[in-house]
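Not measured: the values here are computed from a predicted model. Naming: A, B, ... by sequence-line order, numbering from 1 per chain.
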Number of protein chains: 2
Amino acid sequence: MPGRVDDMLDQLRSAGRRVTAQRRAVLQALARLGCAQDVEAIHARARRIHPRVGLVTVYRTLEALVGEGVAQRVVLGDDRTRYELGQEHGHHHHLVCLSCGSVQRLDECHLESKRAGRRHGFTVTAHRLELLGYCAKCGVPA
Amino acid sequence: MPGRVDDMLDQLRSAGRRVTAQRRAVLQALARLGCAQDVEAIHARARRIHPRVGLVTVYRTLEALVGEGVAQRVVLGDDRTRYELGQEHGHHHHLVCLSCGSVQRLDECHLESKRAGRRHGFTVTAHRLELLGYCAKCGVPA
DNA sequence: CTGAGTGCAAACTTTTTGCACAATA
DNA sequence: TATTGTGCAAAAAGTTTGCACTCAG
C-alpha cells in the first residue's frame with residue numbers, strides 16, 4: 001500500500017501536477033481509510049499525518065485526484081460526498097449497513113441489466129449499485 | 001393519475017395528517033413530473049398549481065410524504081436530493097443520461113447480488129442501482 | 001377552537017471562490 | 001524564478017429551525 005501511494009504521486013507528477021506534503025497526506029489518508037470515506041473523515045486522517053492540511057486543500061486535492069483518475073467520487077445515498085482510491089478498474093460495489101452505517105467492499109458484480117438498458121435505446125457505460133441491509137455485526141433488527 | 005393523488009391525500013388524512021392546498025399541490029407536482037425530481041423542480045411545479053407554496057413547505061411536505069410511505073428519496077449521484085412518488089412497491093431503477101441528465105424509469109430488475117451480500121454475512125434488504133450512459137436521443141459521443 | 005401546517009427570516013452545513021503568500025519543479 | 005498549490009476568510013448553495021400567524025378538522 002505504501003508503494004501504491006508513491007506510484008500515484010509519480011502519476012500526478014507526470015501529469016504536470018506538483019507533489020506537496022498535503023497531497024501526500026491526503027493520498028495516504030485515502031489509502032489507509034478504505035473505501036467510501038467522507039471528506040470530513042479524510043481531512044481528519046490527513047491531519048494526523050500532516051497537521052498543516054486545511055479542509056479547502058482536501059477538497060481541491062480530491063478534485064485533482066479524481067481528475068487524474070487516481071480517486072473517484074462515491075455516492076451512497078446519505079447526503080455525504082464520499083471518495084475512495086481507484087477508478088473503474090477495481091470496479092466494485094458496496095454493502096451499506098442500515099444500522100451502523102459501515103461500508104464494506106463487494107468485489108463481485110452480477111449485473112445483467114446492461115441489456116435491459118439497451119432495450120430502452122439507452123447505452124449503458126457504467127453503473128452504480130448499493131446493497132442496503134444489515135452487517136454481520138449488527139444483525140437484522142427485530 | 002388524478003385518482004391516485006386523491007387516494008394518497010386520503011391516506012395522509014387517515015394517518016392523522018392534515019390535507020392542505022399546499023400538500024395537494026406538492027403531491028400533484030410529483031405525480032405530473034415523473035420520477036427522480038429535485039426539490040427545486042418540485043417547488044417550481046407546485047407553484048404553478050398553487051402559487052402560495054413556500055420552499056420550506058415543500059421540504060417539510062416531502063419529508064411528511066416519505067414518512068407516510070407515499071414518496072421516497074432518490075439519490076442519483078449528482079448532489080441533488082431527489083424525490084418521487086411510490087415506495088418499495090413499484091420498485092424500479094433509473095437510466096441516467098450522462099449527456100443530458102435525463103432520467104428514465106427502468107422497471108426490470110435483474111439483480112443477483114443478494115446472494116453475494118449474504119456470503120459476506122450481510123443481510124440485504126434493499127438495493128439501489130443506477131445505470132449510467134447515453135439515452136437514445138443523445139447517443140454515445142465520439 | 002385547538003393543534004398541525006405555513007411563511008418568513010435567520011441559522012446551519014457543506015462546498016466553492018478570491019486573494020495574498022508559500023513552495024515545487 | 002515561474003507557477004502551481006495552500007490557507008484564510010468570505011461567499012454560495014442547499015437544508016433546517018424558531019416563531020408568530022393561519023386554517024383544516
Side-chain angles (χ1 to χ4, degrees), chain A residues 5-6 8-29 36-44 46-47 49-68 70-83 101, chain B residues 5-6 8-29 36-44 46-47 49-68 70-83 101:
Chain A
V5 168
D6 287 339
M8 294 192 241
L9 289 171
D10 283 343
Q11 188 177 333
L12 288 184
R13 219 176 328 243
S14 308
R17 302 198 181 252
R18 291 178 183 179
V19 171
T20 65
Q22 287 89 338
R23 289 188 173 174
R24 197 179 331 245
V26 170
L27 216 32
Q28 289 184 335
Q37 299 296 315
D38 61 32
V39 177
E40 191 184 335
I42 295 166
H43 182 215
R47 273 224 146 130
I49 297 167
H50 181 84
R52 294 177 46 90
V53 183
L55 178 58
V56 181
T57 295
V58 175
Y59 275 106
R60 285 192 277 221
T61 299
L62 289 170
E63 213 41 55
L65 294 178
V66 170
E68 232 48 71
V70 165
Q72 64 185 323
R73 274 190 153 203
V74 179
V75 175
L76 289 186
D78 50 11
D79 293 315
R80 312 164 170 269
T81 309
R82 294 159 178 274
Y83 289 85
Chain B
V5 167
D6 287 339
M8 294 191 238
L9 290 171
D10 283 343
Q11 187 178 334
L12 288 184
R13 221 176 325 243
S14 309
R17 302 200 183 249
R18 294 180 181 179
V19 172
T20 64
Q22 286 88 339
R23 288 188 173 174
R24 197 177 332 239
V26 171
L27 214 33
Q28 288 185 335
Q37 299 296 314
D38 61 32
V39 179
E40 191 184 334
I42 296 166
H43 182 214
R47 273 220 147 132
I49 298 167
H50 182 85
R52 295 175 46 90
V53 182
L55 178 59
V56 181
T57 295
V58 174
Y59 275 107
R60 286 192 277 221
T61 298
L62 289 170
E63 214 39 59
L65 294 179
V66 171
E68 231 48 70
V70 166
Q72 65 185 323
R73 275 190 154 203
V74 178
V75 175
L76 290 187
D78 49 10
D79 293 315
R80 314 164 168 267
T81 309
R82 293 159 179 272
Y83 290 86

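The side-chain contact (heavy atoms from CB on, under 4.5 Å) check on Gln37(A) picks up Leu33(A), Ala41(A), Ile42(A), with sequence neighbours excluded. With sequence neighbours excluded, no residue forms a side chain to side chain donor-acceptor pair (under 3.5 Å) with Arg24(A). Residues that satisfy the side-chain contact (heavy atoms from CB on, under 4.5 Å) test with Arg13(A), not counting sequence neighbours, are Leu9(A), Asp10(A), Val19(A). Here Ala21(A) pairs with His50(A) under the side-chain contact (heavy atoms from CB on, under 4.5 Å) rule; sequence neighbours left out. Listed by chain and residue number, Val70(B) satisfy the side-chain contact (heavy atoms from CB on, under 4.5 Å) test with Gln11(B) (two or more places apart in sequence, or in another chain). By the salt bridge (Lys or Arg N to Asp or Glu O under 4.0 Å) test, Glu68(A) is found to be paired with Arg17(A), residues two or more places apart in sequence or in another chain being considered.
Rounded to whole angstrom, the span from the CG atom of Asp38(A) across to the C1' atom of dT13(C) amounts to 13 Å. Protein atom CZ of Arg24(B) is 14 Å distant from nucleotide atom P of dG5(C), rounded to whole Å. Atom-to-atom, CG of Leu65(B) to P of dA4(C) comes out at 18 Å; the value is rounded to the nearest Å. Between the CG atom of Leu9(B) and the P atom of dG25(D) there is a distance of 10 Å, given to the nearest Å. The CZ atom of Arg23(A) sits 13 Å away from the C1' atom of dA25(C) (whole-angstrom rounding). Following rounding to the nearest Å, Glu68(A) (CD) and dG5(D) (C1') show an atom-to-atom distance of 14 Å.
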Sugar-phosphate atoms are those with a prime plus P, OP1 and OP2; base atoms are the rest. Using that split, label each nucleotide of nucleotides 14-24 of chain C B, S or - for protein heavy atoms under 4.0 Å, 5' to 3'.
-> SBBBB----BB
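With a 4.5 Å cut-off on side-chain heavy atoms, Leu55(B) and Val39(B) count as touching. Between Arg23(B) and Thr20(B) there is a side-chain heavy-atom pair separated by less than 4.5 Å. For the pair Leu12(A) and Leu65(A), the minimum side-chain heavy-atom distance is below 4.5 Å.
Taking side-chain N and O atoms only, Gln22(A) has a distance below 4.0 Å to OP1 or OP2 of dG7(D). Arg17(B) has no side-chain polar atom (N or O) that falls below the 4.0 Å cut-off from OP1 or OP2 of dA4(C).
Axis angle between the ends of the helix from dC1(C)-dG25(D) to dA25(C)-dT1(D), five pairs each and rounded to 10 degrees, works out to 40°.
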